[in-house]
Amino acid sequence: MQSSLIVKKTPFYYGWVILAVGTLGIIMTSPGQTYAVSVFTEYFIRDLGVSRSLVSTLYAAGTLIGSMALPLIGRQIDRRGSRTMVVVITIIFGAACVYMGGLVSGPLTLALGFVAIRMFGQGSLNLVSNNVINQWWVRRRGTIMGLSGLFVSLLGLGGFPSLINWLIPHYGWRMTYVLLGALLLLVMLPLGYLFFRERPEDFGLEPDGNKEVPKVGPLPAPSLPEENWTRQEALRTVTFWIVAGGLMVSAMMSTGLFFHMVSIFADNQLSPTVAASVYVPIAVMTALVTVGSGALIDRIPLRLALATSLFLLALALWMAQHLSSTPMAFLYGVILGGNMGLFRIVSSVAWAHYFGRRHLGSISGVASTVLIVGSAVGPIPLGVARDALGNYNLALTLLALLPLALGVASLFMPQPTREEADTTEA
């Protein structure tokens, strides 16, 4: 009764509350995200006496190992509900941040910390927060995820690095990580427990706040036709693997470009200052495209957004060889930001759009593992090519063929059908 009372007493559609607290959950993954961890890197190297290459290797290994738990986490979200799982995940993630500040003393303990913050921050908290928003919005899902992505860009990517940069000189890097853990436990934990709710149908509501409906079961059909697939059925479709492959390649290539940004610019006779300044058009374009494409994706086929994102990525990989001036570098930032904005929207809505909400945790858990594996290995091909060949050009050209090919495949991607899944199974 208490669980449903807050929903019934809310004077407007409760999905707006879900949007706010779910977006906060995504923002609060920041202590486990690369943009925040990178602020601590120099302190790890200096205070722990480890090399930069070792820190990078441990971080990649922690990311890969942490991603392997996401299919299990996704199944638990489906089984136990978002409210229960956000509490469990936040407690463990908060404890992992406290561990990073208090117990990391060398390579082994640092590796364990990386596994924990990547598994429960970048992976699990992001997964449960995205899923709960998707449960409450169907018709306006793209617009809603666009709004969420805007605030994540501004307050997460734009805010957390600055917060950490301010905290470290005042309290030291260890206490800063402890404070981030306390922030999770004191803010995200109670808000997640108080306001996360599983599905509108559980409270006699329809997705998007259309109208009240009789509560006849755990997930009645919404007014918008929706097919619910199991994880096994989804994995048998061509659509799942084209989308997952496109998103994995996008995560892989963009991570590689960011990781080697300064070196790529240096090869083009551009300074580190120019490289740093390009993050401004990247961030602005990412935010604008996230909002704009969020509204647009409710009106156009999702495959067009995915294809456009991949074509922009292929263009960015080609442009990275030809950054002959600062204006060209800023145009490169705009192109890369466009790719990232579309990537955020497609990765947020694709699984619920194609495969429904009933088994969303299980399906998106597998997809998240695929994406994170791509992100973890992203810097390796470019790094190997630079060491072996002395420049990035051949690698950038060859790698651009991957998003180009997947972009074309996306344009012809079919809507998944039951007959396809049954045939594949046979």
Indicate the ring-plane relationship of [X] and [Y], choosing parallel, tilted or perpendicular according to the 30° and 60° boundaries.
X    : Y    : result
W173 : F40  : perpendicular
H322 : W318 : tilted
W166 : Y171 : perpendicular

Is there side-chain contact between [X] and [Y], with at least one heavy-atom pair below 4.5 Å?
X    : Y    : answer
F311 : V408 : yes
V238 : M413 : no
I117 : Y177 : yes
E201 : P207 : yes
T109 : L103 : no
F160 : L180 : yes
L304 : L411 : yes
L315 : N339 : no

Calculate, to the nearest 0.5 Å, the distance between atoms [atom1] and [atom2] belonging to [X] and [Y] respectively.
X    : Y    : atom1 : atom2 : result
L371 : N126 : CG    : CG    : 10.0 Å
L317 : I335 : CG    : CD1   : 12.0 Å
F120 : L125 : CZ    : CG    : 11.0 Å
W351 : F240 : CH2   : CZ    : 4.5 Å
F151 : L19  : CZ    : CG    : 8.5 Å
H359 : N228 : NE2   : CG    : 6.5 Å

Give the C-alpha distance, both sets of side-chain angles, the deciding distance and a yes or no for side-chain contact (heavy atoms from CB on, under 4.5 Å) between E227 and E233.
CA-CA 12 Å; E227 231 184 337; E233 290 170 338; over 6 Å; no
For M175, is the CE atom crowded, meaning more than 12 foreign heavy atoms sit under 6.0 Å from it?
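Counting neighbours around CE of M175, 12 or fewer heavy atoms of other residues, nucleotides or ligands fall under 6.0 Å, so no.
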Quick one: does [X]'s side chain have a donor or acceptor within less than 3.5 Å of a partner on [Y]'s backbone?
X    : Y    : result
S124 : M119 : yes
R83  : R197 : no
T369 : G365 : yes
R357 : Q135 : yes
S347 : R344 : yes
Y14  : F195 : yes

Closest approach of [X] to [Y] (non-hydrogen atoms, all atoms of both residues):
X    : Y    : answer
V243 : L306 : CA-CD2, 3.9 Å
T63  : I372 : CG2-CG2, 3.2 Å
G106 : L48  : N-CD2, 4.2 Å
S250 : S309 : OG-OG, 4.3 Å
L167 : L179 : CD2-CD1, 4.3 Å
T23  : S148 : OG1-OG, 2.9 Å

Side chains of [X] and [Y]: do they bring a donor and an acceptor to under 3.5 Å?
X    : Y    : answer
Y59  : R118 : yes
S82  : N131 : no
Q321 : T397 : yes
N134 : R141 : yes
S362 : D78  : yes

Among V346, L150, N130, which residue satisfies the side-chain contact (heavy atoms from CB on, under 4.5 Å) criterion with M145?
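Filter result, single survivor: N130.
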Verify salt bridge (charged side-chain N to carboxylate O under 4.0 Å, His left out) between R386 and D267, making sure each step is shown before the conclusion.
CA-CA 10 Å; R386 182 65 171 78; D267 282 0; 3.0 Å; yes
Run the numbers on F93 and Q122 for side-chain contact (heavy atoms from CB on, under 4.5 Å), then give the verdict.
CA-CA 10 Å; F93 184 30; Q122 182 221 20; over 6 Å; no
Assess whether side-chain contact (heavy atoms from CB on, under 4.5 Å) is satisfied between T239 and Q415, documenting all intermediate values.
CA-CA 7 Å; T239 301; Q415 187 76 16; 6.0 Å; no
Do Y354 and W229 have their ring centres less than 6.0 Å from each other?
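Centroid separation for Y354 and W229: 6.0 Å or greater.
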Verdict with reasoning, L402 to L310, per side-chain contact (heavy atoms from CB on, under 4.5 Å):
CA-CA 9 Å; L402 284 174; L310 291 166; over 6 Å; no
